[in-house]
Participant: 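One structure follows; several queries about it will come next.
By convention in this document, chain letters (A, B, ...) are assigned in the order of the sequence lines, proteins followed by strands, and residues within each chain are numbered from 1.
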Amino acid sequence: MTVKRTKIKQIFTEALVDTEVWVQGWIRTRRESKTFAFLEVNDGSTIKNLQIIADQQLPGYADWIKELTTGSCVGIKGKLVPSQGKGQSVEMQAQQVEVYGTADAETYPLQKKGHTLEFLREIAHLRARTNTFGAVYRLRNAMAFGIHQYFQDQGFLYLHTPILTGSDTEGAGEMFAVTTLPLQQIPKNDTGEIDFTQDFFGKPTHLTVSGQLNGETAALALSDIYTFGPTFRAENSNTTRHLAEFWMIEPEMAFYDLTANMDLAEDFLRYLIRIALTQHRDDLDFLTKQYDPDLINRLEFVLNNPFIRITYTEAIDILVSSAKSFEYPVSWGADLQSEHERFLVEEHFASPVIVTDYPKTIKAFYMRQNEDGKTVRAMDILFPGIGEIIGGSQREERYEVLLARIQEMGLSEQDYSWYLDTRRYGSAPHSGFGLGFERLLLFVTGMSNIRDVIPFPRTPGNADF
RNA sequence: UCCUCCUUAGCUCAGUUGGUUAGAGCGGCUGACUGUUAAUCAGUAGGUCCCUGGUUCAAGUCCAGGAGGGGGAGCCA
């Protein structure tokens, strides 16, 4: 075949009626009549299928029509014509059919019927062939590209931070160990401890849980940077919003205070949501219809309304004075529980909420201390149904204060000497945040399980595919 | 890790106080139909009742242990 392939998305967006085109894709369904058949082909470029009419007069019809079952792969040449039927404006009159790969209807797991998301997770290698996962993966791609576009437009520098890290005390969670030591016979030293001097890096090494500290070093030289890469947490978390391997975006900006940080985060999220609403309406319409009737409304609400900003102390006051009875007691100094966050976001404000200025005792050592000596310049952005989608802070730029905090929390001054150097030499006020990419996708797609917004989810006990 | 629910045909599920040959819808297959839209109509095939052990004359059903999965909680993004 020498004709250039046309993607199905083009057929629906460009005026191609009366032209001959060549499409390649996978059969979604076949409806046979006595003298002809309707085929629906999808090539992933859009959620829409191209309807193709195959007449039995075509050469080889009897041979290939039986092979064109759901899931089979074909190339078809034909003429685009206005559709006689309802449901689509354009369809193709087939002229020539080439079968690349058949799919035995007896064993092919995807049928012309609804499947549960749980079943599709078990066949993650085939689920991209469904409308749902096609839509989700297209949106995932659009959001990833949009993230780079947003930051690049604002003059941010894309920084690659290490995936293998020797600092095991960042406190962001349990870490996966990385080693080349023989696991059958781990070398021990005189005191009976593992002899890491024999390991590849000569010391304990792990997969990164955050690129933030590395990111800060670049922000304190290049002004505005962002990272976007895989992140690993070995927590035994079995929930709809945790993965052992996920992707995280971490911008870090010199000369930003907490307010500027929040302004950026809000503008950033809105930019991404606008892309979804304007450029991927077909996919959102499908997901709204199929899974979440309120999806598009919710996205539009977030686009058009500023997030509520309150301090932790104000949040505690609201929770205490609410008539609501919580399973976990509310008191100043304790972290907000899921039920507390849900109440604020879903009931009290019915809006995304940014909570700031948490007690320093429940936040990380690097967050900037307030004048009250009790709270730090932290901010968590809470979304309905998802909880914390962004966590960030203004960073402690004062050398003495940061050092004191490291000592207070019993962390190793030695391990953080390089980080402290950024405050010893030309320190600057700066801020940043971390956005969980898959949590963003939960919000944008309306999916309710994080395992359904990443192609091959890694969770405790599951690294299949 | 804790709490809770679930596991029966390819998929989604019914299955009575334990009782003969375990059912339905969808999907598959066969046939009918000149415009269908998860086509329609008729027919048909399809079972390790998650695994192991136990109780019983008799277990899909009751008991114990195990495996897998869903939801919630904690941890967090």
Side-chain angles (χ1 to χ4, degrees), chain A residues 28-40 48-57 66 69-71 81-88 91 93 103-123 130-131 170-174 208-212 230-250 265 290 326-328 335-339 341-342 362-364 380-383 386-392 433-443 448-454 459-462 464:
Chain A
R28 283 296 176 77
T29 179
R30 176 189 66 196
R31 293 182 288 272
E32 276 185 277
S33 235
K34 190 181 184 85
T35 58
F36 67 100
F38 293 102
L39 304 170
E40 287 200 31
K48 291 178 180 162
N49 300 329
L50 178 63
Q51 173 162 288
I52 297 173
I53 289 82
D55 194 276
Q56 68 169 0
Q57 304 296 321
K66 292 299 159 202
T69 55
T70 301
V81 297
S83 178
Q84 297 174 31
K86 292 175 181 139
Q88 61 282 314
E91 63 190 16
Q93 291 283 353
D104 181 5
E106 296 268 7
T107 57
Y108 185 61
L110 293 170
Q111 305 169 347
K112 294 195 291 186
K113 56 163 296 202
H115 288 295
T116 61
L117 294 169
E118 290 81 8
F119 173 68
L120 293 173
R121 259 171 238 152
E122 293 170 10
I123 51 166
T130 63
N131 289 330
E170 286 170 12
E174 291 295 312
T208 183
V209 293
S210 166
Q212 180 197 317
T231 311
F232 307 88
R233 303 274 167 92
E235 303 284 354
N236 193 3
S237 299
N238 295 286
T239 79
T240 53
R241 45 187 198 287
H242 287 88
L243 291 165
E245 176 185 278
F246 63 100
W247 290 65
M248 188 155 65
I249 299 96
E250 294 181 290
Q290 204 68 27
F326 295 105
E327 190 184 338
Y328 291 86
D335 211 350
L336 298 178
Q337 302 293 313
S338 283
E339 57 173 344
E341 295 179 353
R342 293 186 89 101
I362 58 173
K363 287 293 182 184
D380 284 358
I381 301 185
L382 309 177
F383 265 27
I386 296 157
E388 186 180 341
I389 193 167
I390 278 180
F433 62 82
L435 168 68
F437 186 50
E438 284 77 16
R439 288 194 180 171
L440 169 75
L441 286 169
L442 282 179
F443 186 75
S448 52
N449 193 316
I450 203 162
R451 297 169 189 128
D452 296 328
V453 296
I454 188 167
T459 52
N462 188 355
D464 289 343

Participant: Among the candidates B:C29, B:U34, B:G70, find the nucleotide nearest to the side-chain atoms of A:Thr69.
Facilitator: B:C29
Participant: Can you tell me the distance, in whole Å, between the CD atom of A:Glu32 and the C1' atom of B:U30?
Facilitator: 12 Å
Participant: For B:C76, does either OP1 or OP2 sit under 4.0 Å from a side-chain N or O belonging to A:Arg439?
Facilitator: no
Participant: Among the nucleotides B:G35, B:C75, B:G28, which one has an atom lying closest to any side-chain atom of A:His242?
Facilitator: B:C75
Participant: Could you walk me through whether A:Phe38 and A:Ile53 satisfy the side chain to side chain contact (heavy atoms under 4.5 Å, CB included) test, starting with their C-alpha distance in whole Å, then the side-chain angles of each, then the deciding distance to 0.1 Å, before giving a yes or no?
Facilitator: CA-CA 5 Å; A:Phe38 293 102; A:Ile53 289 82; 3.8 Å; yes
Participant: Using the C1' atom as the reference point in each nucleotide, state the distance between B:A22 and B:C41 in Å, no decimals.
Facilitator: 29 Å
Participant: A:Glu235 has an atom CD; how far is it from atom C1' of B:A77, in whole Å?
Facilitator: 11 Å
Participant: Could you give the distance separating B:G25 and B:C33 at their C1' atoms, to the nearest angstrom?
Facilitator: 24 Å
Participant: If only side-chain N and O atoms of A:Ser338 are considered, is one of them under 4.0 Å from the OP1 or OP2 phosphate oxygen of B:G74?
Facilitator: yes
Participant: I want to confirm an ordering. Mapping A:Phe119 and A:Trp247 to their closest nucleotides on RNA chain B, which one lands closer to the 5' end?
Facilitator: A:Phe119
Participant: Could you tell me which nucleotide pairs with B:G28 by Watson-Crick or G-U wobble geometry, both distances under 3.5 Å, or answer none if nothing does?
Facilitator: B:U44
Participant: Nearest whole angstrom, please: distance from the C1' of B:A77 to the CZ of A:Phe433.
Facilitator: 12 Å
Participant: Less than 5.5 Å between centroids and less than 30° between ring planes, does A:Phe38 satisfy that with B:G35?
Facilitator: no
Participant: Considering every strand shown, what is the Watson-Crick or G-U wobble mate of B:G74 when both distances are under 3.5 Å?
Facilitator: none
Participant: Sticking with atom C1', work out how far B:C51 lies from B:A32, rounded to a whole angstrom.
Facilitator: 46 Å
Participant: Can you tell me how far apart CD (A:Gln56) and OG (A:Ser33) are? Round to the nearest 0.5 Å.
Facilitator: 10.0 Å
Participant: When you check the phosphate oxygens OP1 and OP2 of B:G70, does a side-chain N or O of A:Arg121 lie under 4.0 Å from one of them?
Facilitator: yes
Participant: Considering only heavy atoms and no angle criterion, is a donor-acceptor pair shorter than 3.5 Å present between the side chain of A:Glu118 and the base of B:G69?
Facilitator: no
Participant: Side-chain N or O of A:Asn238 versus OP1/OP2 of B:G70: is the shortest distance under 4.0 Å?
Facilitator: no
Participant: Provide the distance between the two C1' atoms, one in B:A77 and one in B:U16, to the nearest whole Å.
Facilitator: 50 Å
Participant: Using the side-chain heavy atoms of A:Asp335, tell me which of these nucleotides is nearest: B:C76, B:G35, B:G70.
Facilitator: B:C76
Participant: Indicate whether OP1 or OP2 belonging to B:C33 is found under 4.0 Å from a side-chain N or O atom of A:Lys34.
Facilitator: yes
Participant: Heavy atoms from C-beta onward define the side chain here; which of B:G69, B:G10, B:G72 lies closest to that of A:Thr240?
Facilitator: B:G72
Participant: Look at A:Gln111 and B:C26 and indicate whether a side-chain polar atom (N or O) is within less than 4.0 Å of OP1 or OP2.
Facilitator: no
Participant: Taking the nucleotide of RNA chain B with the closest heavy atom to each, which residue, A:Gly391 or A:Ser83, is nearer the 5' end?
Facilitator: A:Ser83
Participant: Distance between the C1' atoms of B:G28 and B:A45, in whole angstroms?
Facilitator: 9 Å
Participant: Starting from P on B:C11, measure out to NE2 on A:His115 and report it in whole angstrom.
Facilitator: 9 Å
Participant: How would you label the contact of A:Ser33 with the nucleic acid (heavy atoms, under 4.0 Å): base, sugar-phosphate, or nothing?
Facilitator: base
Participant: It should be established whether A:Thr116 places a side-chain nitrogen or oxygen under 4.0 Å from OP1 or OP2 of nucleotide B:U12.
Facilitator: yes
Participant: Would you say A:Arg451 reaches B:G71's phosphate, i.e. side-chain N/O to OP1/OP2 under 4.0 Å?
Facilitator: yes
Participant: Give the rounded distance in Å between these two atoms: CD of A:Glu339 and C1' of B:A73.
Facilitator: 10 Å
Participant: Starting from C1' on B:U4, measure out to CD on A:Glu327 and report it in whole angstrom.
Facilitator: 13 Å
Participant: Determine: side-chain N/O of A:Arg241 to OP1/OP2 of B:A73, distance under 4.0 Å, yes or no.
Facilitator: yes
Participant: Please measure how far the C1' atom in B:G15 lies from the corresponding atom in B:U7, and state the result in whole Å.
Facilitator: 15 Å
